[in-house]
Amino acid sequence: MSENVVRLHKDNDPPGTAAAVTTLTVVPDRPDTRPVPLWVRSGRAVKTAVTHERTKSAGRAVVRHGLYTFNGGRIAARRAWDGRTGSRYERMIRAAEAAGNLEAAEEWEERLQRFRAARHHRRMDLLHSPVDAAKGVAVGAGMSVGVLVALGVVLAINSGEVRDVVTPLSATIDFIALLLRIVQIVWGPAVTIGPFLALLALWSVGRRQQAAPQWALPANVRSGEGEPITPSIVVKALRDLGIPALRNAIKEMGDAGASMLGPITIAGCGVEVDVTLPSGVSTIEVQNRRRKLAENLTRHEHEVFITIPQAARTVRLWIADSGALDEPIGPSPLVTDETMTADYKKGKAPWGQDLRGDAAALSLYQRHLLITGLSNQGKTVALRSLALWLSLDKSVQFLMGDLKGVGDWAMFDGLATTLIQGPTDEHVIEVTEMVEGAVEEMNRRIQAPPGTAFPPLIVLVDEAQVAFMCPAKDEDKRPYGGSKANSRYFMAVRKIHNQGRAVNVLMWQGTQDPTNENLPKLVREGAHTRAALALGTESQARMALGDKAVDGGAAPNLLRPGLDRGTLVVASDGITIPAGQSSITVRTHYIDDDAATAITDRAKALRDGVTTLHAIDRGKERDPLADIAAVIGDSPRVRTKDVLARLATHNAGAYGEWSFIDLKRVLDDAGAEPYKSDGVMVVSRDRVARALANRDGDDSASAS
C-alpha cells in the first residue's frame, strides 16, 4: 500500500524547526466509503434506463407503429386521389417520355382521355340524379303502399275483419321503427369505436408496405439478408439515396420508376442491371453514394459495384448474392492440369475469376506489368502466378529480384537466369545492375538486323518500392533510388518501358502502398497492365490504375483489407473487359509455395537446364569458358546463337557486345571448337567440360 506524506506548518512555530512540522499520512489506496449523492445515483439510473436495449426496442416500436399509421394514411389518400383523378395516367405519361418510349406515352394519353370523358359523363349524370331519385322514391313509395293495402284487403276478406286492411301497413311501420331503435342504440358506440377502426385500417396498410425507416423495423425485417433483387427494390434503393432530383423524379413516375431499369440479368454470383438516370442526376452522384445504395439493397458495400457503361446518363449496378464474395474460388488450372503449357505470344494466363464467375485470363504478350496494393493482400502470389504460367513456355527467360527476401520466389532457382533475394541496400544495388544489364541486352537486340526474333525476357522486381527508396549512391555519387534523371534504377526501368516492348524485353514490378516517392509517375504510366489490390485512399487508386479507370468506376480503395485478399482491379487491354468499362475486378487463384514448386519443377523439365546467378559480379575478371559452361547447363549441345543470347542475359556488361567470332575464339583457344549438327553450328557440353578439366589440371600441375 503506497503512502503520501504531507507536512503542515504550525502557525506559532518558526519554519524549519522540528516542532513546526506536523506529518500526516494519506493512504490513497483505501476505498472511499463516502456515500454517493442521490442525484448522482438517479442520473446513473436514468442513463442506464435510456441506453438499455429494452428501452431502445420500445422506442423503435413506438416510432414504427406510429409511422405505420401516419404513412398508411398517406398511402390510402394517395390511392384515393389516384382513383378520383387522372394523376396516375399523367405519371405514366411522364415516365414513358423520360424513358423515350413515345408509343407508350401516346397509349397512356389515350387512356387519360377516355378516363376524363367517362368522368365528365358521370358528373353530368349527377345534375339530373336528384330529380330522378325523387321521382323514383315517390313512385316506389306509392307502389309499396298500394301493394300493402291490397294485401290488407285480401287478409280482411279472408278473416272477415275490416281492421285487417291496415295490418300489413302497420306491421311495416313497426319494422321501420324497430330498425330506427337499433340504429339509435348502435350509433353511439359506432361513433366512438369508428375512428379507432379507421386508424387500425391505416396501420394495417402501413404495416403491409413496411412504411417506416429501416432502423425502426424489426430485426428480422431490417436484415433482409439474401433478399432477391427486384425492380421495386432497386427503385426504392435509388429513391432513398438522398439525391433530391432523383427522389422527385421517381415520385413523379410512381410505380413506373421501374422504367429507369434495364433487364435484371443473372451475372455470376449476383445480378446486373443498367439504370438510366433522369435528367438532372449525374452518374458521379450515384457513385459517391455506393455504401448507402448497398445498404438500401440490404447488401454490404463490397457486394455492390457501380460502373459507367457507354450509354449516356447510365450506371451499371452489379449486386452480389449476399455472402457470395466471401466464399473462396476454386484452385488454379495450373495446379489441377499437370499437362498445361503456356504460349507467350498467343496464350493467356489463367489468373482467376471475375465477379460473374467467368474465367479471367490475362495476355502477357509485349505488356509491361505493375501490381500494387497494401501489405499482405496477396500481391506476390498474384504476380507469381503469372510468372508460373509463363515459365511453362520454355522460350521465356527470367531475371528476378525479390527485395523482400523471404523465399517467395525461391522455387525459380534453376529456372531464372538471375535470382536476387534480400531487402538490403546491397541487394538493391545488385537488382539495379541486373535491370541495367537487361537494358544493355535490349540495346543489343534493337541493333540486330531487322526481322530477328528474340526470346521473351521478363525482368521482374518484387517489392520495387525498396529500390525506389534506396538511399545508396555509387562511386560517381549517382543514387540508386529516387525518381530523378540520375537515379540508376529509375532510369533503367524507364528505358525498358520506352523501348523494351519492341524486342520482347518486359518489365514486371510489384510494389506496396503506392505514393509519388516509392512509385514515380513516369514508371506507373509506363505499364500496359496495371492492377491494384486493396488500397487505402482514392488518390492511391488513381496512382495505381490511372484517372480514367477510377473515373470509370474502378475502386480498389473500397476493397476490404484482409477480407478481400487476392481480389484486384485490373486496367489492361490484355484482359476481356465488359463493353463500356475501363477496368475489371478479378478474384485471383491462390497458389501456395508447394504447388508453385511443383509447377516450376514441370517448367524445369521442359528446359535444357538453367544455371541461376544469385549475385552480380561487379569489378571481377570474367572467366568466359566457365560462363559458357554455366549457360549451357545440362544440355548435350546448344546452338551458338542461343549461347550468345544466354551469355548476354547472364552478364550483359561482359558479353552484351559478343559476336560469333568472339565465342569461336574462346572455344578454339580452349580446344572446344563449335561444330555443325543438322546444318546449324552448336557448342558441345562435353567438349567445354573437358576443356575446363584439362585447363584446371594444367593450372594445378604448374602450381605444384
Side-chain angles (χ1 to χ4, degrees), residues 53 56-57 59-61 63-64 67-68 71 206-207 209-251 257-258 260-262 264 266-278 281-308 314-327 355 534-538 541 550 553-564 567 569 585:
E53 184 59 32
K56 293 180 180 179
S57 300
R60 284 196 294 266
V63 173
R64 178 170 67 250
L67 289 176
Y68 280 169
N71 290 326
R207 186 181 65 83
Q209 297 294 325
Q210 295 297 323
Q214 285 290 319
W215 59 267
L217 294 177
N220 58 340
V221 176
R222 190 168 60 248
S223 63
E225 294 296 335
E227 185 178 16
I229 299 300
T230 62
S232 61
I233 289 176
V234 177
V235 171
K236 187 174 182 297
L238 293 169
R239 184 195 67 193
D240 297 338
L241 271 184
I243 303 175
L246 180 59
R247 182 179 62 251
N248 295 335
I250 293 176
K251 280 185 177 180
M260 297 190 306
L261 310 183
I264 297 179
I266 296 176
C269 58
V271 296
E272 189 175 69
V273 58
D274 283 357
V275 181
T276 302
L277 301 175
V281 182
S282 66
T283 56
I284 191 65
E285 290 181 284
V286 178
Q287 281 184 301
N288 290 340
R289 289 170 171 81
R290 176 185 173 191
R291 173 175 293 183
K292 191 169 186 178
L293 177 61
E295 293 173 350
N296 291 347
L297 292 167
T298 64
R299 295 295 189 271
H300 297 290
E301 183 179 12
H302 72 279
E303 294 175 329
V304 174
F305 285 81
I306 305 173
T307 54
I308 309 299
T314 301
V315 293
R316 178 168 295 159
L317 307 181
W318 184 84
I319 307 162
D321 297 336
S322 185
L325 295 184
D326 295 328
E327 299 176 1
L355 295 178
L535 292 171
T537 63
E538 181 180 330
V550 174
N557 53 300
L558 297 181
L559 294 173
R560 302 167 299 169
L563 297 177
D564 289 327
T567 299
V569 183
T585 301

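With values rounded to the nearest 0.5 angstrom, Ile243 atom CD1 is found 7.5 Å from Ser282 atom OG. Within the model, atoms CD1 of Ile233 and CD1 of Ile264 stand 8.5 Å from one another, a figure rounded to the nearest 0.5 Å. To the nearest 0.5 Å, atom CZ of residue Arg247 and atom CZ of residue Arg239 are 9.5 Å apart. The CG atom of Leu261 sits 8.5 Å away from atom CG of Leu317, with the distance rounded to the nearest 0.5 Å.
Arg289 contributes a side-chain N or O that, together with a main-chain N or O of Leu241, makes up a donor-acceptor pair within less than 3.5 Å. Between the side chain of Glu295 and the main chain of Lys292, no donor-acceptor pair closer than 3.5 Å is present. For the pair Trp318 (side chain) and Ala267 (backbone), a donor-acceptor distance under 3.5 Å is present. Of the possible polar contacts, none joining the Arg299 side chain to the Ile319 backbone as a donor-acceptor pair under 3.5 Å is found.
Judged by the 6.0 Å and 45° rule, Arg316 forms no cation-pi pair with Phe305.
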I would like to know whether Arg290 and Leu558 meet side-chain contact (heavy atoms from CB on, under 4.5 Å); could you show each step before the answer?
CA-CA 10 Å; Arg290 176 185 173 191; Leu558 297 181; 2.6 Å; yes
Could you walk me through whether Val315 and Thr307 pass the side-chain contact (heavy atoms from CB on, under 4.5 Å) check?
CA-CA 6 Å; Val315 293; Thr307 54; over 6 Å; no
So Met260 and Ile250, side-chain contact (heavy atoms from CB on, under 4.5 Å) or not? Walk me through it.
CA-CA 9 Å; Met260 297 190 306; Ile250 293 176; 3.8 Å; yes
Step-by-step side-chain contact (heavy atoms from CB on, under 4.5 Å) determination, Thr314 to Thr283:
CA-CA 7 Å; Thr314 301; Thr283 56; 5.9 Å; no
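Inter-residue side-chain proximity for Cys269 and Leu355 is flagged as unmet; no heavy-atom pair is nearer than 4.5 Å. In this structure, Asp274 and Thr276 have side chains that are not in contact, with every pair of non-hydrogen atoms separated by 4.5 Å or more.
The shortest heavy-atom contact between Val569 and Ala554 is CG1-CB, 3.8 Å. The two residues Ile306 and Gln287 make their nearest non-hydrogen contact at CG2-CG, 3.8 Å. Summarising the geometry of Ala237 relative to Leu293, their closest heavy-atom pair is CB-CD1, 3.9 Å, with the distance given to 0.1 Å. Between Asn557 and Ala541 the shortest heavy-atom distance is OD1-CB, 3.7 Å.
Within 6.0 Å of CD1 on Ile266 lie no more than 12 heavy atoms contributed by other residues, nucleotides or ligands.
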